[in-house]
Every structure is written in structure tokens, then in C-alpha cells.
Amino acid sequence: MLWLALRFPRLAVETLSLPPPAVALHRGRVAVADEAATVAGVRSGMRLAGALGLVPGLIGRERDLAGETDALHRLACAAGEFTPQVSIASPDELLLEIGGCLRLFGGLPPLLARIAASYAEQGFARQWGLAPTPLAAQWLARCAPVDGPPPALVDDAKLRAAVAPLPVGVLAVPERTAGRLTTLGVWRLADLMVLPRAGLAHRFGPELPGLLARALGEVPDLRPPFVFPEHFRDGLELPARVEDAARLLFAASRLLAALAGWLAVRCAGIQSCHLMLFHEGRPPSRVELGFASPTRDPERLQRVLRERLDRLELVAPVVSLGLEAPEPHALPGTNAVLFGHGGTTRLAPVVERLRARLGPEAVHGLTAVADHRPEQASRPVAEPAAARSSEAPSGPRPLWLLPEPRPLAEENGAPCHEGRLRLLTRAERIESGWWDGGEGLGDVQRDYFVALSPQGEWLWIFRDGQSWWLHGLFA
């Protein structure tokens with residue numbers, strides 16, 4: 001097994017979404033500082049007055065513990081895009097078992113790059129560690145630089161050497177235990193690992209040697225899995241009233257990332273979802289996000305959301321957001337590419353962007369209908385994904401069909417179109433439509449030919465017994 005520990009050291013202040021420099025407070029003291037405040041010298045445990053002395057423009061607000069819990073659960077949902085085995089390790093740490101997912105993402109470096117990009121887009125700083133045991137991965141993450149490079153791969157043989165230089169502070173033991181260890185001259189885990197386990201248990205209790213045994217893989221370390229919700233419905237309070245719809249994209253992106261991970265774990269996709277905009281003193285607004293085909297691709301979700309918000313005019317300032325996916329569809333994974341040949345480019349993202357820009361009523365699909373008359377052989381449908389094909393006609397059909405047949409001139413009974421036409425095929429007779437004379441074209445009797453013009457054009461023409469007509473052009 002291979003465990004990736006993700007620690008979010010600034011989760012408390014990032015949940016508040018305060019402009020820098022800012023700190024999250026706990027009972028009047030600094031609990032977590034953002035990057036700008038940290039660079040200026042603000043540290044955890046400072047009184048707010050002391051922090052303001054270092055940074056006069058500092059913004060401080062009490063921690064939102066419930067909001068931090070919701071944010072961590074949202075991050076756990078987003079991790080479902082990378083692995084179904086996710087565990088919440090602490091109030092600001094996640095554990096991901098990624099050993100079984102490496103081949104799916106093309107190896108460890110591409111997977112780590114996608115994870116880093118995902119959380120960076122959501123605006124969360126992270127520390128990470130990689131180890132064959134979950135506790136060792138947590139210890140390595142707690143000592144890693146914030147937003148640092150990908151962690152090095154540590155196998156079983158190198159595990160003891162990798163954790164030995166770490167300070168004993170990574171153990172997160174009670175303050176009294178940490179003080180006694182310091183008194184004994186134990187500053188790093190290497191100092192602790194050389195001490196007899198029986199003596200440690202006698203002096204400090206079984207918890208301390210138990211931590212070492214779990215971290216080094218000597219005993220199992222079972223972690224409770226994160227339970228993904230049965231239905232997706234999430235909300236997010238905004239730190240301030242938002243009057244410009246485009247500024248909602250960053251907050252809504254966090255909801256969409258959680259939705260994409262939830263769909264991946266469920267092996268499902270969505271063809272529509274709705275974003276709720278809650279206002280002060282007014283009914284909420286609803287923004288529908290529609291997709292040409294079921295999807296869980298984060299890029300497609302983000303693209304449609306951006307197009308909708310860029311063209312949305314708010315009826316009132318927005319104070320919170322909500323996202324719900326009411327009807328997920330089963331969407332298994334796709335097969336890998338065989339012999340280096342990929343599939344054709346999908347049209348669905350293009351259709352989604354057009355519908356987001358022009359409106360759903362402006363973009364339609366086309367479905368084939370079992371009718372021999374060319375004008376009646378296809379009909380528009382509201383959903384492009386609903387387009388389907390019927391039984392193929394027996395004769396050739398042009399790519400471009402004229403809105404109405406155009407009369408052709410004749411020369412000694414032969415059709416002409418900028419010169420005399422040469423018939424390339426035998427006649428294909430179409431006699432159909434006697435049953436809907438009052439609604440459709442009615443009964444038609446035509447002999448269709450493929451003809452070649454003097455300019456080299458391939459034309460689809462017919463004769464109705466009296467005249468020649470041009471009906472379509474081949475590409």
C-alpha cells in the first residue's frame with residue numbers, strides 16, 4: 001500500500017476567505033496565519049494586539065470550526081477523483097491510499113501533479129507526505145514545506161531512515177509528554193527509536209511505543225474510511241456579499257470539485273445540475289448547468305459554469321451558494337487506448353459551450369426518422385445527446401440538402417446546371433407519403449440521380465415526371 005497524507009495548514013484562515021494579511025483567532029489569540037502574516041512574523045499563540053503591532057493592516061476573525069469541518073469534508077469528496085480510499089485523519093489532514101490507482105493515472109508523478117493542481121485551483125495551501133504506512137505519511141507531511149515539491153517515494157526498506165530525522169513534535173502527543181521527552185534529551189525520532197520499547201511503555205504508557213510500531217509498519221494501522229454521501233447536496237457561505245456574478249466562480253469551483261470527486265466514486269456522471277444563489281431578503285436564484293452528455297470531467301463542469309456566470313446578471317447581491325446534482329447517471333470508465341490509436345474528438349464539450357453562451361433553446365440535436373422522403377428523414381430534438389440514427393437508406397445521400405428543391409433547365413431533355421449534367425447512377429425511385437398529405441409533403445413520386453456538373457460538382461437531382469430539380473450537394 002502507498003499512503004499520501006495531505007495536510008492543509010491554513011485551512012482555518014482559508015475557510016474564512018479573508019484578504020491578506022489575515023489570521024484566524026481562537027479566544028483572542030492567533031490560531032492560524034496566512035502566508036503574508038507569517039512572512040511578517042506573526043506566529044500561532046500571539047495575541048491579536050501583538051500581531052497588529054507587526055502588521056498594522058492585519059485582519060483577524062474568530063475561527064469557524066463548523067465551516068472548517070465542512071471544508072475538510074468537501075476536500076475529502078474532491079479526493080474521490082483520485083482514489084476511492086479516503087480517510088479523514090485529523091481536523092486538517094486527509095489520507096489517500098493511492099497504491100492501486102497509479103496505473104490509472106500513468107504513474108506517480110502525473111497523479112501527484114493532478115492532485116496539486118486540483119487543490120491549488122481551490123485555493124488551499126497543502127503539505128504532503130508519502131509512505132507505505134498512514135502514520136508515517138502524516139509525520140512526513142507535518143514537516144514538509146507548504147506548497148512544496150512532490151514528496152519522495154519511501155519504500156519499506158527506507159521507512160525507518162526517512163522518519164528518523166523528524167522532530168518529536170510530529171507525534172502530536174500531550175504537552176506534558178512532549179516536555180518529559182525534551183527533558184530526557186529526545187529531540188528527534190531517531191533518539192526515540194533507539195530507546196527500549198518496554199522502558200518507553202513503563203515511563204510514558206503504551207501509547208508512545210504504539211505510535212512507533214504503527215508508523216514503522218510493525219502492527220496494522222486501520223483507518224476509518226470517509227463515507228461519501230448517498231446524494232450530493234452542498235452549500236457554501238460567502239465571506240462577503242457578492243454583486244458581480246463572475247466573482248462567484250472561485251467559490252463555486254470548490255463545490256464543483258467536490259461534485260466531480262463524488263461522481264468518480266459513484267462511477268456516475270451528470271447531464272444537469274443546478275447552482276443556487278441565495279440573496280438577502282429575496283428568493284434564491286437558480287442557475288442551470290446542462291451538459292450534452294453525462295459527464296464527471298472537472299474541466300467540462302468548470303467550463304460550463306464559467307460561461308454561465310460570465311453572462312449572468314444578478315438580481316441582488318449573493319450571500320451563499322448551493323449545488324445539487326439530483327439525477328446522476330451510471331457512467332463507467334473508458335477503456336485504455338490500444339496500439340496508440342485514440343478515439344475521435346468528442347463533440348459534447350463544444351455543444352455545452354454553445355448552449356451556455358446562446359441558451360439551451362438555440363442549440364438542438366438532429367435525429368434520423370424512418371421516412372424515404374429526404375425532407376422528412378430528419379427532425380431536430382431538444383437534447384443533442386438524444387440524437388440517434390435509423391436504418392440507413394439504400395442509395396447515396398448528400399451532405400448538404402437544400403431547404404427547397406431548385407428547378408433545373410433542360411437541354412433536349414437532359415438536366416443542366418451551369419452546363420449539361422452527366423448522370424452517374426441509375427434512378428432511385430422514391431414513392432412515399434400518401435398517408436400524411438394534410439401534414440407533411442404528401443405523396444411524392446421522384447427518380448433520384450447522382451450527377452456530375454462541368455465544374456466537377458457532385459449533385460443530387462431528381463425528376464418528378466415533368467421537370468428536373470436540384471435537391472442536394474455532395475461534399
request  = List the atom of V265, the atom of P84, and the distance in Å for their closest heavy-atom pair.
outcome  = CG2-CA, 4.3 Å

ask   = Side-chain contact, heavy-atom cut-off 4.5 Å: L18 with R61?
value = yes

Smallest separation among heavy atoms of A162 and L140, with atom names = O-CD2, 3.9 Å

query = Taking atom types as modelled, is there a side-chain donor on S90 or D92 under 3.5 Å from an acceptor on the other?
reply = yes

query = In this structure, are over 12 heavy atoms from other groups packed under 6.0 Å from R311 atom CZ?
reply = yes

request  = Give the minimum heavy-atom separation between V315 and R282, together with the two atoms involved.
outcome  = O-NH1, 3.1 Å

key: Donor-acceptor side-chain pairing of H26 and R63 below 3.5 angstrom   = no

request  = For the residue pair R180 and T177, establish whether any side-chain heavy-atom pair is separated by less than 4.5 Å.
outcome  = no

ask   = Around atom NE2 of H329, are there more than 12 heavy atoms of other residues, nucleotides or ligands at under 6.0 Å?
value = yes

ask   = Looking at NE2 of H279 and OG of S320, how far apart are the two atoms once the value is rounded to the nearest 0.5 Å?
value = 9.5 Å

message = Counting only heavy atoms from other residues, nucleotides and ligands, does the tally under 6.0 Å from CZ of R203 exceed 12?
response = no

request  = Please indicate whether Q302 has more than 12 foreign heavy atoms, meaning atoms of other residues, nucleotides or ligands, lying under 6.0 Å from its CD.
outcome  = yes

task = Could you tell me whether E207 atom CD has more than 12 heavy atoms of other residues or ligands within 6.0 Å of it?
result = no

message = What I'd like to find out is whether the side chain of L6 reaches to under 4.5 Å of the side chain of L95, using heavy atoms alone.
response = no

key: Check ion pair R114-E81 (N to O, under 4.0 angstrom)   = yes

ask   = Are any of the side-chain heavy atoms of P19 and I59 separated by less than 4.5 Å?
value = yes

Shortest non-hydrogen contact between F82 and F105, atoms and distance = O-CE1, 3.4 Å

